[in-house]
Amino acid sequence: MTKDELKSEILRHLAFSFGKDAAHAQTRDWRMALSLAIRDRVVTPWFESTRKTYEGRHKRVYYLSMEFLIGRLLQDAIVNLGLDDAAREACLELGLSYDQVLADEPDAALGNGGLGRLAACFLDSLSTLGIPAYGYGIRYEHGLFRQSFHEGRQVEQAEDWLSQPHPWEFERPEVCYGVGFYGTVREGEDGAHWDAGDMVVAKAYDTPIIGWQGRWANTLRLWSAQSRTQFDLARFNEGQFAGAAEPEALARTISRVLYPNDSTPQGKELRLKQEYFFTAASLADILRRYHSEYTDIRALPKHVAIQLNDTHPAIAGPELVRILHDEHWVELDDAIEIARGTLNYTNHTLLPEALESWHEGLMRHLLPRHMRLIEQIDDWHARTSKGRKMSTIDHGQVKMGELSFVLANKVNGVSALHTDLMKKTVFSELHTLHPDRILNQTNGITPRRWLRTCNPTLSALITDTIGSGWEDDLDRLEDLEAHVGDAGFRAAFAEAKHANKARLANRIRAIRGVSIDPDAMFDIQVKRIHEYKRQLMNVLEVIALWDAIRRNPGKDWTPRVKIFGGKAAPGYHTAKEIVHLINDVARVVNADEDVAGRLTVVFPPNYNVTMAERLVPAADLSQQISTAGKEASGTGNMKFALNGALTIGTLDGANVEIRERVGDDNFFLFGMTADEVVERRAVPDHAAEAIAASPELARAIEHIERGSFGPGEPDRHRHLANLLRHHDYFLVCSDFASYWKVSREVDEAYRDRDRWTRMAALNTARSGWFSSDRTIRGYAEEIWGATPAI
Ligand SMILES: *Cc1c(COP(=O)(O)O)cnc(C)c1O
């Protein structure tokens, strides 16, 4: 497609799809017209992919995920179709700013953080690799809340990405399924019958996901909840206007909001309803498609692989057994075996508070048939795996991790360390019974979005240096290594980073009114705010550094800009206090003449995919400082390393593998190992001991206690200081001295700019393995038994 063709397509859509004259069109109208012009180019490969899948009778992969943090889609589609230059020029000739048009798109935040973003990267890789696949999830009306700050405190507002038409989705009114809840189970001669007491309708919305160079497109199918009963005209005519609309409103509640809590199950019943709603609709859809092609239901595992992204869709196990046994009269044991052959489960966390469990009473009330089947599955497992009765049901709680494990063909961890810990901790008993079931697939990120699109400057340099083709074969970045010794290449690499930093500095000045120097080190920690991720340790370092600079103003300090970003779950009190502290510290530090030009703190609100795309290319230092053993993998760490940031990090999650690949010399390691963490926690007074041993830490905590950051309210942050002194579960104090020491080595390293650039370039050259294409190949070969159809 040429620029001229694209231009006329934009104008055609503007007039005929939106009824707008170019003379009166707003940015929104242009963006919609460009989106449809691009979407038109996606439809043919999309149909073609479906046709090839049917013709080739390829095995299909179904990725069930409660979250898809997809972000903006327009530029992604443009780049994948190779239309970047055409689109930019077409916009220019139409008198538009291309960047402004792209920036008009809302960021689809149908996820909380890493787990949802992983699902989005996987969709991109599945399409790029040409593996026939569907993503299934929920079309939330309101995605993750919008974050703003009021006097330093987090304020949450409803997000409303659907308040304007979403050009990427196709509504499928004909694809809908009833999903039942409550009711009773009748056990008769001919088996069990579940008479649901209530029913909502799941309606499908499809978004095509185009892969690299438009060779293949899969579908993201999201379910919206609708009422089964139509609007009640009789009630309305009786004057009950609100009552008439009530059934509709109640049913819609199910797909109304994404739960903003990414660590503990909340809103109990509604959350469980959401899980069953999208899982049941997805399975009904999968089986409808299966029956259109195959007759033998027993061959399901041969043609279908279902991946459960964490335990949120774990009810898929009992639901599939229910369909096979109650509706297809397959013997119970066989039904369980078929379900198990089809399902696979990815574990994402070992944090006890994040392992899902449901009250048996609630489960029996909401899903009576499923609860009965869960008991039978438990019995079956005890019978068939020479095990004692498993602990799927424990103290009146249904444990979804155990249930998912028992009904899975394969169970995977998301980094080598996490997989190892899974075997030793949460699933140790089940692992002994089923030693071949657990395997590792270290997470990855799509290089299309996280390098090619977000970092055009570096991408151009890479292509100039080693040619194109690295976008879907990221191991080719290794070819850069031969150029790292070349001073000209290093200068160009440094220049690309500097340009990205200057662009970010301009944005921050425009939006936040804070001036930052692109020559200073950009030190970034962006991710959900959580105690285990230890933003608190980072802000303690800020305080200690501020204090140290004031004590020794004559020293030649390495200028640093500390950038924070991230949302705290609305009910997570401590995380919100950390947000407040960071903002208060930023205000004090940025107003302090004594540290001006040496230390600046910025915390732009509302971290999301779009912000990540701006920050990642501009980072010098990536903070990956979780308590060892707590971060399952991390994917932010990979984005930064790939874009030439150096990591300061612990031996946690995928940091371990990043360090192995980029080399010890190109990674700033500090802190305890996962084993040492366990030992350290057993030491009484570990925090007091660590505070006594580190004058920097002691002074930083005293500043908090003295009220240095709570003007007129000295106790404002005392609770955090108390946590550090007396309940330091995440061992901030015990790791601080090591963190401080290595941070000063980072300062020193940054002073030798050429050496720094060499290290940064080696990070890029050696991060190709972290492509989600590699991860998806691993799942396809070792878990799904699926092969590309192209
Ligand atoms: C990549 C990403 C994450 C995950 O970051 P971690 O550092 O791995 O926790 C979270 N949110 C957004 C918006 C992301 O792009």
Side-chain angles (χ1 to χ4, degrees), residues 65 67-73 76 106-125 143-147 159 161 258 260-263 309-310 348-349 351 354 414-415 417-418 442-451 453-455 523-535 538 563-569 575 604-619 621-627 630-643 645 647-650 652-658 767 770-772 775:
S65 179
E67 305 188 7
F68 286 93
L69 190 52
I70 49 184
R72 290 177 176 159
L73 295 178
D76 206 46
D107 180 291
L110 308 185
N112 273 292
L115 176 147
R117 185 53 236 174
L118 182 77
C121 284
F122 280 6
L123 291 178
D124 184 275
S125 285
L144 186 60
F145 67 87
R146 198 154 2 106
Q147 177 196 54
E159 184 280 345
W161 71 299
L258 165 80
N261 197 327
D262 67 346
S263 60
N309 194 23
D310 213 313
H348 282 275
T349 179
L351 296 178
V414 291
S415 72
L417 174 66
H418 165 243
T442 298
N443 283 169
I445 53 170
T446 166
R448 273 72 65 185
R449 183 180 291 260
W450 294 111
L451 180 54
T453 306
C454 78
N455 197 343
D523 164 340
I524 306 188
Q525 185 176 23
V526 284
K527 47 185 74 245
R528 286 299 288 257
I529 310 290
H530 208 294
E531 286 166 277
Y532 85 79
K533 292 178 183 272
R534 298 200 291 194
Q535 283 93 354
N538 191 351
I563 302 175
F564 291 86
K567 297 176 185 179
N606 203 37
Y607 177 58
N608 58 14
V609 171
T610 302
M611 192 190 293
E613 288 164 1
R614 294 198 183 106
L615 293 178
V616 163
L621 187 67
S622 158
Q623 296 272 349
Q624 307 299 338
I625 60 178
S626 51
T627 314
K630 295 296 177 192
E631 185 75 87
S633 162
T635 48
N637 46 5
M638 301 168 187
K639 298 168 195 165
F640 283 105
L642 180 62
N643 283 272
T647 304
I648 179 165
T650 48
D652 200 16
N655 290 356
V656 177
E657 289 151 89
I658 291 176
S767 288
F770 297 98
S771 167
S772 48
T775 314

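As the structure is a computational prediction, the values presented were derived from the model and not from experiment. Whatever order the structure lists them in is the order used to number ligands and atoms, beginning at 1.
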Do the side chain of Q535 and the main chain of R528 share a donor and acceptor less than 3.5 angstrom apart?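 Here the side-chain-to-backbone pair exists.
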Test item: S633 side-chain N/O and S415 main-chain N/O as donor-acceptor pair under 3.5 Å: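 No: the side chain of S633 does not pair with the backbone of S415.
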The single option from T775, N443, T635, L115 that satisfies side-chain contact (heavy atoms from CB on, under 4.5 Å) with V414 is N443
Options K527, R117, K639, ranked by nearest heavy atom to atom 2 (C) of ligand 1, top entry: K639
Rounded to the nearest 0.5 Å, how far apart are CD1 of I524 and CG of N538?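 If I round to the nearest 0.5 Å, the distance is 11.0 Å.
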The side-chain hydrogen bond (donor to acceptor under 3.5 Å, both in side chains) partner of Q624 among K533, K527, E631, R534 is K527
Can you list the steps and then say if R448 with D124 is a salt bridge (Lys or Arg N to Asp or Glu O under 4.0 Å)? CA-CA 8 Å; R448 273 72 65 185; D124 184 275; 2.8 Å; yes
Identify, by atom number and element, the atoms of ligand 1 in contact range of [X], meaning under 4.0 Å from any of its heavy atoms.
X	result
G113	10 (C), 11 (N)
V609	13 (C)
G634	8 (O)

Shortest protein contact, [atom] (heavy atom only):
atom	value
atom 9 (O) of ligand 1	K533 NZ, 2.8 Å
atom 8 (O) of ligand 1	T635 N, 2.8 Å
atom 5 (O) of ligand 1	G636 N, 3.7 Å
atom 11 (N) of ligand 1	Y607 CE2, 3.6 Å

For ligand 1, is there an atom lying under 4.0 Å from some heavy atom of F640?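 No.
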Report the part of N608 in contact with ligand 1, treating N, CA, C, O as backbone and CB onward as side chain, heavy atoms under 4.0 Å; options are side chain, backbone, both, neither.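 For N608, only backbone atoms sit under 4.0 Å from ligand 1.
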